[in-house]
Amino acid sequence: MSEGLGRTGGQLPTTIDTTKPHEARFYDYWLGGVDNYLADRQLGDEIAAHIPGLRSMVRANRAFLGRAVRYAITELGITQFLDIGTGLPTARNTHEVAQDVDPSARIVYVDKDPLVLAHARALMTSTPQGKTAFVHADLHDPESILTDPILTDTLDLDGPVAIMLCSVIIYFSDSDDPHGIIARLLDAVPSGSCLTITHPTGDFDPRAMAKAALACEYAGIPMVFRTRAETESLFAGTDIVAPGVVPAGDWHPELAEEPMFEVAPHAGPAWVWVGVGRKP
């Protein structure tokens with residue numbers, strides 16, 4: 001990881017509470033990772049009991065991230081990435097995919113979980129030609145991200161940037177003003193930048209998703225499933241590229257790379273809307 005990694009901003013926690021579940025850790029559990037604790041596994045299992053095929057869905061979401069990164073570089077000419085709500089490192093992280101395509105790619109990861117910070121320091125190393133850095137910050141406060149010297153030392157905000165918001169806006173209620181937060185991020189980057197969003201939805205099975213949301217609410221974690229139209233509205237200020245906002249597996253499947261994160265055809269559709277928007 002590049003120099004200057006891991007500034008701890010504001011009142012963000014710097015210690016790990018293993019007695020309470022955390023979204024980054026139960027997501028890691030669903031992906032088959034080992035960086036999780038009993039509380040994370042218990043909530044992860046409870047949510048999975050309500051949503052059949054959940055583990056296939058999170059893998060489809062992860063596979064889409066890789067395709068979106070490759071698309072940004074090869075089709076849009078973008079080699080800078082701001083990945084917010086990074087989660088715990090796993091196979092084929094954003095910088096690995098990007099720097100395989102263009103070794104000079106630069107990536108800034110942002111997450112509020114101190115466990116992610118600790119693992120990022122150890123695991124997310126850059127190519128010599130590029131640069132990878134980590135900012136310990138919370139998307140609820142976008143200014144703390146955009147003004148962090150680690151970000152401004154790593155990314156050139158006068159050049160196009162790919163903003164990655166993969167399965168993070170689900171944890172924002174409407175009262176948190178996700179539209180305003182996204183607008184602020186887009187304001188900070190120039191024309192030609194892009195916005196990538198993935199968002200789990202209740203469109204395919206509202207009852208199952210409502211039960212999953214209730215389980216998270218009891219655990220103190222907000223979870224808001226949005227419809228396709230609501231997800232599309234998050235792209236305000238961009239032109240959504242073809243094929244639009246679609247289920248994860250339907251977005252440019254020809255760009256698939258890693259079979260470990262691809263979903264077999266018989267697994268059914270992932271209940272996740274995904275899309276990429278280009279800032280005009």
Side-chain angles (χ1 to χ4, degrees), residues 1-12 65 68-69 71-73 75-87 93-95 98-99 102 104-113 116-117 120 124 126 130-172 174-199 231-241 245 274-280:
M1 182 70 75
S2 301
E3 65 275 8
L5 167 70
R7 168 186 172 273
T8 54
Q11 300 299 312
L12 291 179
L65 180 148
V69 168
Y71 183 91
I73 297 175
E75 300 297 326
L76 305 181
I78 299 173
T79 58
Q80 301 188 105
F81 295 83
L82 177 56
D83 186 339
I84 304 176
T86 304
N93 301 288
T94 296
H95 74 286
Q99 292 179 345
D102 187 330
S104 69
R106 293 182 165 226
I107 298 90
V108 169
Y109 291 105
V110 180
D111 205 286
K112 64 180 181 179
D113 183 12
V116 175
L117 170 65
M124 290 186 175
S126 175
K131 196 170 183 180
T132 303
F134 185 93
V135 173
H136 187 203
D138 189 336
L139 181 56
H140 286 88
D141 180 9
E143 292 300 327
S144 70
I145 298 171
L146 295 170
T147 60
D148 192 293
I150 293 175
L151 182 145
T152 54
D153 287 348
T154 306
L155 302 182
D156 175 10
L157 296 183
D158 291 327
V161 176
I163 299 169
M164 314 293 291
L165 300 176
C166 293
S167 287
V168 62
I169 301 300
I170 186 176
Y171 300 111
F172 285 67
D174 291 343
S175 63
D176 292 321
D177 191 20
H179 292 85
I181 289 171
I182 293 171
R184 178 64 190 97
L185 296 173
L186 287 171
D187 283 346
V189 297
S191 174
S193 297
C194 72
L195 170 67
T196 296
I197 294 175
T198 77
H199 203 301
T231 303
E232 288 174 339
S233 75
L234 297 171
F235 287 94
T238 72
D239 299 323
I240 301 176
V241 305
V245 173
V274 307
V276 173
R278 190 90 185 269
K279 181 176 178 178

_My understanding is that only residues two or more places apart in sequence, or in another chain, count here; which of them pass side chain to side chain donor-acceptor pair (under 3.5 Å) with S104?_
D102
*Between D148 and V135, is there a donor-acceptor pair closer than 3.5 Å when you use the side chain of the first and the backbone of the second?*
no
*Show your reasoning for whether side-chain contact (heavy atoms from CB on, under 4.5 Å) applies to I181 and R184.*
CA-CA 5 Å; I181 289 171; R184 178 64 190 97; 5.8 Å; no
*Within the side chain of Q80, is there an N or O that forms a donor-acceptor pair under 3.5 Å with the backbone of D156?*
yes
_Would the distance check show the side chain of T196 and the main-chain N or O of V276 forming a donor-acceptor pair, the cut-off being under 3.5 Å?_
no
*Does a side-chain heavy-atom distance below 4.5 Å link H136 with D111?*
no
*Partner set under side chain to side chain donor-acceptor pair (under 3.5 Å) for T198, not counting sequence neighbours*: N61, S167
*Can you list the residues that meet the side-chain contact (heavy atoms from CB on, under 4.5 Å) rule with D141, with sequence neighbours excluded?*
E143, S144
Can you give the donor-acceptor pairs under 3.5 Å from side chains of residues 232-241 to other protein atoms, not counting sequence neighbours?
from	atom 1	to	atom 2	distance (Å)
S233	OG	H179	NE2	2.9
S233	OG	E230	O	2.6
T238	OG1	F235	O	2.7

*Tell me, please, which residues at least two apart from D158 pass side chain to side chain donor-acceptor pair (under 3.5 Å).*
none
*For S193 and V189, indicate whether the former's side chain and the latter's backbone hold a donor-acceptor pair under 3.5 Å.*
no
*Name all residues meeting the side-chain contact (heavy atoms from CB on, under 4.5 Å) criterion together with D176; count only those two or more places apart in sequence or in a different chain, and write none if there are none.*
H140, F172, S173
*Of R106, H95, Q99, the residue whose pairing with S126 passes side-chain hydrogen bond (donor to acceptor under 3.5 Å, both in side chains)*: Q99
